[in-house]
Amino acid sequence: MKLIDLDPTQLKRLAALAKTSYGSLRHVAAGRRGVSSEAAIRIERGAKRMGLDVRRESLNAGCEMCEFARDCRRGK
């Protein structure tokens, strides 16, 4: 799931859980702004608390290329 798939109510709740603003998440969802790896982790954890599967790898290029993150997803 990607941020663009979330409705405004979900984005507002996720922003509160991830300790960021609704406006920032809207910009990230639209592809106008990137997020740091730390913010990507907070967003992923907030989404998980909401029962959503938003992966940090879809939010940050560094996380996408990280071998550690890849191995953790595979369960190694």
Subject >> Set of residues satisfying salt bridge (charged side-chain N to carboxylate O under 4.0 Å, His left out) with respect to R26, sequence neighbours excluded >> reply: none
Subject >> Any donor-acceptor pair under 3.5 Å from N60 side chain to V35 backbone >> reply: yes
Subject >> A15 to Y22 - nearest heavy-atom pair and separation >> reply: CB-N, 3.6 Å
Original post:
Under a single-linkage definition using a 4.5 Å side-chain heavy-atom cutoff for Ile, Leu, Val, Met, Phe, Trp and Tyr, are V28 and M50 assigned to the same hydrophobic cluster?
Top reply: yes
Original post:
Within the side chain of E44, is there an N or O that forms a donor-acceptor pair under 3.5 Å with the backbone of R56?
Top reply: yes
**OP:** Please round to the nearest 0.5 Å and tell me the distance separating atom CG of L59 and atom OG of S37.
**Re:** 11.0 Å
Original post:
If you take all heavy atoms of R13 and R49, which pair is closest and at what distance?
Top reply: NH2-O, 4.5 Å
Original post:
T20 and R42: side-chain donor and acceptor closer than 3.5 Å?
Top reply: no
**OP:** Considering non-hydrogen atoms only, spot the tightest contact between L3 and I43 and give its length.
**Re:** CD2-CG2, 4.2 Å
**OP:** Rounded to the nearest 0.5 Å, what's the gap from CG on L52 to CG on L14? Could you check?
**Re:** 7.5 Å
**OP:** Flag the pair D71 / R74 as yes when at least one side-chain heavy-atom distance between them is below 4.5 Å, and no otherwise.
**Re:** yes
Original post:
Any chain of hydrophobic side-chain contacts (each under 4.5 Å) joining I4 to L6?
Top reply: no
Original post:
Counting only N and O atoms by type, is there a donor-acceptor contact under 3.5 Å from the side chain of D5 to the main-chain atoms of K2?
Top reply: yes
Original post:
Taking C-beta and beyond as the side chain, do K12 and L25 meet within less than 4.5 Å on heavy atoms?
Top reply: no
Subject >> From L11 atom CG to S24 atom OG, the distance as rounded to the nearest 0.5 Å >> reply: 11.0 Å
Original post:
Rounded to the nearest 0.5 Å, how far apart are CZ of R45 and NZ of K19?
Top reply: 11.0 Å
